[in-house]
There are 2 protein chains.
Amino acid sequence: MRLVIANCTVDYSGRLDAHLSEAVRLIMVKADGCISIHADGGAYKPLNWMNAPNSIHESTDDDDELTWLVTNDKNEKLTIKLHEIISDFSQDMGIDPGLQKDGVEAHLQELLAANVDKISDGMVLVRREYPTDIGPVDLLCRDDKGEAVAIEIKRRGEIDGVEQLSRYLDYLNRDGNLRPVSGIFAAQEIKPQARVLAEDRGIKCLLLDYDELRGIESDELKLF
Amino acid sequence: MRLVIANCTVDYSGRLDAHLSEAVRLIMVKADGCISIHADGGAYKPLNWMNAPNSIHESTDDDDELTWLVTNDKNEKLTIKLHEIISDFSQDMGIDPGLQKDGVEAHLQELLAANVDKISDGMVLVRREYPTDIGPVDLLCRDDKGEAVAIEIKRRGEIDGVEQLSRYLDYLNRDGNLRPVSGIFAAQEIKPQARVLAEDRGIKCLLLDYDELRGIESDELKLF
DNA sequence: TATTACATGTCGACC
DNA sequence: GGTCGACGTGTAATA
């Protein structure tokens, strides 16, 4: 990794056009060639960047001013004029062992799939990722009366997720072998508007507690 | 901005749980306190981060090992154990003058608004950003028969955009002065699922060619 | 390769 | 603070 702190101006042209006027910024060049330009504030997103693969071409103009021209094969171009280099530091880091995550949607789905009987007595899982023409339903179950129940799982339950489940229900209810299919919208957090929309459409909401799901003890989950 | 290169392990707990095993990484601390941890590859997204506002607490354990504990008021916690510091560099950068952008959806809307007659003969623009209680419709037009047409414009046409237009159409069709209102879903690129859903709902799809719109010559746009 | 849906999405605008 | 829509979204999995 190479870290250059410099007074610079930057132009990007590609998916849109963008310009950065002269200021001191950090220019980060990673081992794979990707490059990002950071200001001293504003979260982690860089002001400009160019992902790998790309090619970096360095040149010097008449005024001894350094320019980096970064291009890729998608017609994107990043031009960095380095007016004054304040610091230039390189360090080899090797390959990162990588990030282990726990608690993303796939994990929630796995846990809930193993505990559908906790949603209501007699509920059984038919299958995960039940396929339809408009995409897979997270969980398809049958309740104690043998009626089909489609479950959509989100980490954050917003209005889009309710729309998505509604589409699945529309679709599934056209299938004579499944009809009638009811819906459960399950999420760690359900936004008020999503809850209102779900209830308006006869979809039940289920608030998931990750720790509770992980712990075996969990009581019955609370449907409402 | 402070740049620390160190052999470190990191744990994040908050929206999910994540763990980074020991390796050499860059730790970036910006002037606003936000912090990000970068590996030497993998585009611009850091492995872990914590946005401002937060509070950073530094401590030393029995083995003289440095730990940074970063917390915020949303119950997120980032723990960085610094086993060995290879480099520690600070530089004041001042406030960045900021990024100027040019050429996104607003531009597409502008171009299409000026060329609604190219969509079909006799089409006239009623207004851009036609207001409704559930948000503004990108373009409201009337066709050669005087019937209202709502147009939703996207750079990338996905299923959500079709839902959005559907909501507008539901709403507009309750208005006796407008009814019947038909819909056109216009985008530079339309995903297959979005197209299927649109057609299922009687919404026409319109593929926009940015260069063609910009060039005055453009033939009639092709509705399908 | 392209298509899809997730993301600690982030970010801004508006209410 | 919550919702909504755009993003140079990026990214991984899947077909």
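In the text below, chain A, chain B and the rest are named by the order of the sequence lines, each starting its count at 1. All values below were derived from every heavy atom in this structure, side-chain atoms included, with hydrogens, water molecules and symmetry-related copies excluded. Note that this is a predicted model, so its numbers are computed, not measured.
At least one donor-acceptor pair closer than 3.5 Å links the side chain of A:Asn115 to the backbone N or O of A:Leu111. Proximity of a side-chain donor or acceptor of B:Asp138 to a complementary backbone N or O of B:Ile153 within less than 3.5 Å is detected. Panel note: side chain B:Tyr44, backbone A:Met28; no donor-acceptor pair is recorded below 3.5 Å.
The nucleotide whose nearest atom lies closest to any side-chain atom of A:Asn51 is, among C:dT10, D:dT11, D:dA6, D:dT11. Checked against C:dC6, C:dT8, D:dA6, the side chain of A:Glu105 finds its nearest nucleotide in C:dC6. With C:dA7, D:dG8, D:dG5 as the choices, the nucleotide that has an atom nearest any side-chain atom of B:Tyr168 turns out to be D:dG5. Distance from the side chain of B:Lys154 is smallest to D:dG5 among D:dT9, C:dT10, D:dG5. The side chain of A:Val104 has C:dT8 as its nearest neighbour among C:dT8, D:dG8, C:dC11.
Spacing between C:dC6 and C:dT10 at atom C1', rounded to whole Å, works out to 14 Å. For the C1' atoms, the distance from C:dT8 to D:dT14 is 24 Å, rounded to whole Å. Rounded to a whole angstrom, the distance from the C1' atom of D:dA6 to that of C:dA7 is 16 Å.
For A:Ile134 and B:Glu76, each mapped to the nucleotide of DNA chain C holding its nearest heavy atom, the one lying further toward the 5' end belongs to A:Ile134. Projected onto DNA chain D by closest heavy-atom contact, B:Glu152 and B:Arg156 fall at different nucleotides, the more 5' of which corresponds to B:Glu152.
The pair A:Arg25-B:Asp96 counts as a salt bridge, with a side-chain nitrogen and a carboxylate oxygen less than 4.0 angstrom apart. Here B:Glu163 pairs with B:Arg201 in a salt bridge; the nearest charged N to carboxylate O distance falls below 4.0 Å. With respect to the salt-bridge test (charged N to carboxylate O, under 4.0 angstrom), the residues A:Asp102 and A:Arg214 qualify. Using a cut-off of 4.0 Å between Lys/Arg side-chain N and Asp/Glu carboxylate O, B:Arg195 and B:Glu158 are scored as not salt-bridged. Salt bridge annotation for B:Arg2-B:Asp88: present, with a cationic side-chain nitrogen under 4.0 angstrom from a carboxylate oxygen.
Between the NE2 atom of B:His38 and the P atom of C:dT8 there is a distance of 15 Å, rounded to whole Å. The distance between atom CD of B:Glu163 and atom P of D:dA6, rounded to the nearest whole Å, is 14 Å. One interatomic measurement links the two molecules: CE of A:Met50 to C1' of D:dG10, which rounds to 16 Å at whole-angstrom precision. Between the CG atom of A:Asp133 and the P atom of C:dT4 there is a distance of 13 Å, rounded to whole Å. Note: CZ (B:Arg155) to C1' (D:dG8) measures 7 Å, nearest angstrom. The nearest whole Å value for the distance from the CG atom in B:Leu197 to the P atom in C:dT3 is 17 Å. As a whole-Å value, the separation of A:Ile37 CD1 from D:dG8 C1' is 13 Å. Computed from coordinates, the A:Asp32 CG to D:dT11 C1' distance equals 14 Å when rounded to whole Å.
Applying the salt bridge (charged side-chain N to carboxylate O under 4.0 Å, His left out) test to B:Glu76 and every residue at least two apart in sequence or in another chain returns B:Arg15. For A:Arg174, there are no side-chain hydrogen bond (donor to acceptor under 3.5 Å, both in side chains) partners at least two apart in sequence or on another chain. When the side-chain hydrogen bond (donor to acceptor under 3.5 Å, both in side chains) test is applied to B:Asn7, the partners found at least two apart in sequence or on another chain are B:Glu22.
Side-chain polar atoms of A:His57 and A:Thr71 form no donor-acceptor pair below 3.5 angstrom.
No engagement by B:Glu158 is indicated, since no non-hydrogen atom pair under 4.0 Å with the nucleic acid exists. Counting non-hydrogen atoms under 4.0 angstrom, B:Pro192 reaches the backbone sugars and phosphates but no base.
The number of heavy-atom neighbours closer than 6.0 Å to CG of B:Asn75, taken from other residues, nucleotides and ligands shown, is 12 or below.
The stretch residues 9-19 of chain B touches DNA chain C through B:Tyr12, B:Arg15, B:Leu16, each having a heavy atom under 4.0 angstrom from the strand. Less than 4.0 Å separates DNA chain D from at least one heavy atom of each of the following residues of residues 39-48 of chain A: A:Lys45, A:Asn48.
A:Gln109 has no side-chain polar atom (N or O) that falls below the 4.0 Å cut-off from OP1 or OP2 of C:dC6. Between B:Arg167 and D:dG5 there is a side-chain polar atom (N or O) within less than 4.0 angstrom of OP1 or OP2. Between B:Trp49 and C:dT10 there is a side-chain N or O to OP1 or OP2 distance below 4.0 Å.
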Expected rows: protein N/O vs nucleotides 13-15 of chain D N/O, under 3.5 Å:
none

